[in-house]
2 protein chains.
Amino acid sequence: MNILMIAIKQTHLFGTIFFLEQRNLPYFCFYTNWYIFVRGMKKSERTKQFIIAQTAAIFNKKGFAGTSMADITGATGLTKGAIYGNFANKDAVALAAFAFNYGQIRKTVHTGLQQAKNTREKLMAYVSFYKEYYPTIFEWGGCPILNAASDSDDAHPALFEKASSALESWRNNLISIIEEGLDNGQVKPDVEPEAFADVFISLVEGGILIAKTLGTEKPLLSNLEQLKTQIEQIVI
Amino acid sequence: MNILMIAIKQTHLFGTIFFLEQRNLPYFCFYTNWYIFVRGMKKSERTKQFIIAQTAAIFNKKGFAGTSMADITGATGLTKGAIYGNFANKDAVALAAFAFNYGQIRKTVHTGLQQAKNTREKLMAYVSFYKEYYPTIFEWGGCPILNAASDSDDAHPALFEKASSALESWRNNLISIIEEGLDNGQVKPDVEPEAFADVFISLVEGGILIAKTLGTEKPLLSNLEQLKTQIEQIVI
DNA sequence: TCATGAATATACCAATTGGTATAAACATAT
DNA sequence: ATATGTTTATACCAATTGGTATATTCATGA
């Protein structure tokens with residue numbers, strides 16, 4: 001099985017729930033099978049989620065071509081029959097894994113954004129997210145968007161398309177925040193939303209890349225400080 | 001052979017020289033064999049260079065795991081016997097290909113740097129390089145450092161080490177330029193060399209990533225303009 | 001021109017690749 | 001408790017993987 005647990009909980013419904021080290025997802029052991037603890041879910045759907053959760057980091061680290069079906073069966077403890085019973089092919093697993101990786105980040109950022117009241121706080125919410133979660137991102141193999149984009153640009157059009165839309169939606173979100181700020185008078189009128197969004201994304205992605213490649217967190221942290229300064233410079 | 005030519009030259013020494021479309025490297029056809037036009041080179045060394053030149057872009061685009069021996073023989077028109085006669089294994093070809101890709105960029109940047117007289121011109125030389133050569137870099141599959149780093153971080157330690165040193169040497173070069181400027185009074189005294197170098201690299205790499213992923217050059221060009229502004233802000 | 005070492009092609013290898021047909025095991029509603 | 005559809009394991013497939021031994025071809029100095 002090869003699963004590392006960090007917590008065990010008792011429930012009256014399903015007995016013991018094992019929390020996995022990675023991502024803190026609730027799994028439980030029922031008879032001899034592992035499930036993700038979501039009631040009302042079909043078994044196949046739970047197995048699907050299990051496969052995705054167990055392989056998401058592998059795809060993020062090794063890339064599509066570098067991840068084999070043997071990696072997938074090894075990480076899940078399932079056989080090829082189970083994998084192909086739930087996914088059409090390796091392609092489908094990879095796409096689902098990317099969606100999972102991206103979704104985890106998106107969800108957490110979104111939560112942080114909802115508490116933000118103005119432009120400054122919204123932009124700062126991103127910075128705070130990366131300040132808090134960069135160790136997890138590093139463990140997970142780096143930014144899924146960067147990885148998927150540079151992994152698939154030539155070889156895997158479907159995955160590249162997913163990565164491209166993910167990046168676009170992040171960029172559009174930043175642009176919207178700044179445009180809204182321009183309308184509300186919370187952002188200095190000479191700021192160009194697109195250019196700022198590109199600098200914003202570059203400082204984050206570049207910081208992750210340099211930090212991961214040189215094996216030190218400092219470049220990312222210093223980039224995030226720079227980003228804070230730049231945010232303060234454009235808001236009123 | 002699958003080689004696209006853009007120019008043909010006559011020489012009295014070796015007959016016809018065919019300039020390849022990619023990288024403008026001089027190859028020539030002698031009898032039935034192709035060579036890189038470097039006199040005094042052993043045949044094996046020329047074949048080695050030929051293999052490297054023909055596969056460099058493929059490795060940059062497809063990554064190590066995504067590039068097969070069949071890709072290599074297909075791109076060169078040589079058989080596996082020839083490849084393994086000149087390289088120990090696929091690993092060795094990949095490492096040489098990365099060194100080639102990185103070397104091409106390094107060489108061109110270095111040429112631009114030699115004409116620069118002060119800190120501003122030195123930093124601007126980098127910007128000019130990317131402004132001039134970004135179409136070539138895109139055709140070539142993006143920045144080799146970013147590609148190699150994100151491709152090999154988990155799967156291929158030897159290649160990752162190469163990518164890591166390449167990034168480090170780029171970063172150190174930027175830091176040296178700024179430190180020199182601080183000593184000469186050409187840079188404002190409150191500038192932190194490392195932090196500036198990280199922002200510098202991030203704007204370039206991030207710009208390439210966004211541009212390539214979204215399929216438009218604008219983000220890179222706008223980042224380079226931002227970089228120019230930031231350079232002007234730190235020099236005296 | 002020819003002998004000799006260097007370079008390349010050919011034919012092969014075991015292992016692994018992604019994928020499938022089918023049989024077994026399973027969960028669950030009745 | 002059992003019947004039934006769902007899910008998973010087993011056993012297999014052709015194709016491809018990286019790599020090698022050996023035969024052939026080639027380049028070149030004498």
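Here is the naming used below: chain letters follow the sequence lines, and residue numbers restart at 1 for every chain.
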Separation of atom [atom1] in [X] from atom [atom2] in [N], rounded to whole Å:
X	N	atom1	atom2	value
A:L78	D:dT10	CG	P	12 Å
A:I83	D:dA9	CD1	P	9 Å
B:K80	C:dT8	NZ	C1'	14 Å
A:I51	D:dT7	CD1	P	12 Å
A:I72	C:dT17	CD1	C1'	12 Å
A:N86	D:dA9	CG	P	10 Å

Selection from [options] that lies nearest to any side-chain heavy atom of [X]:
X	options	value
B:S68	D:dT20, D:dT17, C:dA9	D:dT17
A:K90	C:dT8, C:dG19, D:dG18	C:dG19
B:Y84	D:dT20, D:dA9, C:dT8	D:dT20

Check: Cation over ring, B:K90 on B:F64, under 6.0 Å and within 45°?
Finding: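 Yes; both conditions hold, so B:K90 lies above the ring face of B:F64.
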Next item on the list: Name the residue closer to the 5' end of DNA chain C, choosing between A:D71 and A:G81 according to the nucleotide with the nearest heavy atom.
Entry: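 Mapping each residue to its closest nucleotide by heavy atoms, the 5'-most match is A:D71.
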Item checked: Near-ring test A:F200/A:Y126, centroid separation under 6.0 angstrom ->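 Ring centres of A:F200 and A:Y126 closer than 6.0 Å.
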Notebook entry, point to check: Counting any heavy atom closer than 4.0 Å, what does B:T67 reach on the DNA or RNA strands: base, sugar-phosphate only, or nothing?
Noted result: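 Sugar-phosphate, no base atom in range.
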Note to self: Can you list everything that forms a ring-ring contact (aromatic ring centres under 6.0 Å, His included) with A:Y134? Sequence neighbours excluded, please.
What the structure shows: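 Scan of A:Y134 (ring-ring contact (aromatic ring centres under 6.0 Å, His included), adjacent residues dropped) gives A:F138.
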Margin query: Under 4.0 Å between a side-chain nitrogen and a carboxylate oxygen: does that hold for A:K61 and B:D153?
Written below: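 Answer for the salt bridge query: no.
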